[in-house]
Amino acid sequence: MQSITIRRPDDWHLHLRDGAMLEGVIADSSRDFARAIIMPNLVPPVVTTEDAEAYRGRIMAALPKGDRFEPLMTLYLTEHTDPDDVEKGKESGLITAVKLYPAGATTNSHGGVRDIDKAMPVLERMARIGLPLCVHGEVTTSDVDIFDREAVFIETVLDPLRKRLPELKVTMEHVTTKDGIDYIKSAERNLAGSITTHHLIINRNAILVGGIRPHYYCLPVAKREHHRVALRQAATSGDARFFLGTDSAPHVDPLKECGCGCAGIYTSINTMSCLAHVFEQDNALDRLEAFASLNGPAWYGLPINEERITLVKRAEPVSFPVKIETGAGPVTVFDPMFPLHWDVER
Ligand code: DOR
Ligand code: ZN
């Protein structure tokens with residue numbers, strides 16, 4: 001039997017939702033992860049420090065007794081975000097980052113930013129105080145093909161923003177293209193990228209071949225195979241600019257299996273098994289710890305976790321539920337389409 005022991009991992013991009021869904025999913029994150037950056041795209045979104053404090057309280061209340069898990073809170077950037085409130089949130093230790101959703105880019109992003117000029121005062125303040133900006137890197141204009149939206153965002157929004165504010169620390173979240181990987185590698189400083197579990201495993205065929213498969217639909221949408229290969233190389237290279245952000249995003253099945261299904265893939269429960277498989281396949285198990293447990297805290301200026309987890313490779317496949325049942329309804333679990341043999345030892 002093979003096994004590998006690594007520092008306890010963190011998830012640098014997670015959707016926990018609220019209410020019954022939060023209660024139904026949180027244990028799947030707190031089981032394997034020490035901390036997670038919590039996305040603020042609730043309805044209504046988490047826009048002020050006060051909202052974030054209240055949301056953090058609800059997360060802590062939903063946490064299974066005895067689990068140690070630290071939610072790292074973010075604010076949802078709007079054109080009206082108050083720079084003083086953001087600074088107060090950082091100073092108090094509550095706020096780890098601010099999230100930029102271009103308006104209309106994804107789930108609950110209609111309150112996001114349309115005109116980046118209007119958000120400049122807060123972005124300038126963040127650059128000054130060293131608070132990272134997490135970016136959903138897609139343009140939303142209807143004339144840009146959905147498979148090109150990340151590359152066009154880099155060229156027309158992100159690069160100009162970084163030139164205007166070189167001191168701003170930017171996390172390009174859920175990178176899905178070789179263009180994104182190359183752009184991050186080309187930056188000298190103040191730019192890093194998170195990569196999801198599923199984008200290391202699927203390309204766009206998973207969504208469209210043999211029928212439309214809504215449980216592989218997420219945003220940014222999975223791209224062509226050569227993009228997936230570039231993501232795999234970046235993640236397994238050990239390069240400190242790349243780290244895990246699962247973007248695990250639960251939606252109940254009726255909202256995905258319908259005429260206009262929601263974007264989001266639920267991976268919290270089996271991410272570590274999937275990652276061990278991917279890293280082993282690429283002969284990079286010795287770099288799994290960098291990707292899942294070391295590079296993220298270094299980027300965010302946080303201590304690495306002292307606790308360890310052990311992954312063991314079992315002869316028989318490890319079984320995960322096809323769906324989890326939550327108080328909000330059933331949520332389908334990501335199916336990597338290969339048997340998983342790696343398991344986190346409990
Ligand atoms: O697939 C996604 N789901 N991408 C996002 O950016 C948002 C997320 C969600 O909140 O459902
Ligand atoms: Zn997300």
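Whatever order the structure lists ligands and atoms in, that order sets their numbers, starting from 1.
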Ligand-residue contact atoms, ligand 1 with His136, heavy atoms, under 4.0 Å: 6 (O)

Interfacing atoms of ligand 1 (cut-off 4.0 Å, heavy-atom, Cys218): 1 (O)

Ligand 1 to Pro220 polar contact by distance, N or O atoms, under 3.5 Å: no

Euclidean distance, Leu77 CG relative to Cys134 SG, rounded to 0.5 Å: 11.0 Å

Distance from atom 4 (N) of ligand 1 to nearest protein heavy atom, with residue and atom: Leu219 O, 2.7 Å

Note: Glu225-Arg204 ion pair, threshold 4.0 Å (strictly below): no

Lys/Arg-Asp/Glu bridge criterion (N-O < 4.0 Å) met for Glu138, Arg149: no

Any His251 heavy atom less than 4.0 Å from ligand 1: yes

Close N or O approach (Asn41, ligand 1; < 3.5 Å): yes

Numbered atoms of ligand 1 (with element) below 4.0 Å of Asp247, judged on heavy atoms: 4 (N)

2.8 Å cut-off (strict), protein N, O or S atoms about the Zn ion (ligand 2): 3

Interfacing atoms of ligand 1 (cut-off 4.0 Å, heavy-atom, Ala249): 3 (N), 8 (C), 9 (C), 11 (O)

Backbone N/O of Ser268 and side chain of Ser248: donor-acceptor pair under 3.5 Å: yes

Basic-acidic side-chain contact under 4.0 Å: Arg189, Glu167: yes

Protein heavy-atom partner closest to atom 5 (C) of ligand 1 - residue, atom, separation in Å: Thr106 OG1, 3.0 Å

Whether Arg17 lies under 4.0 Å from ligand 1, heavy atom: yes

Under-4.0 Å salt bridge between Asp85 and Arg125: no

With Arg213 via side-chain hydrogen bond (donor to acceptor under 3.5 Å, both in side chains) - residues at least two apart: none

Asp51 and Thr48: CA distance, side-chain angles, deciding distance, side chain to side chain donor-acceptor pair (under 3.5 Å) verdict: CA-CA 5 Å; Asp51 296 340; Thr48 64; 3.3 Å; yes

Protein contact of atom 3 (N) of ligand 1 - nearest heavy atom, named by residue and atom, plus distance: Ala263 O, 3.0 Å

Worked verdict on Thr171 versus Tyr300 for side chain to side chain donor-acceptor pair (under 3.5 Å): CA-CA 10 Å; Thr171 312; Tyr300 282 102; 3.0 Å; yes

Residues Arg7, Glu306: salt bridge by 4.0 Å N-O rule: yes

Tyr76 (side chain) donor-acceptor with Gly112 (main chain) under 3.5 angstrom: yes

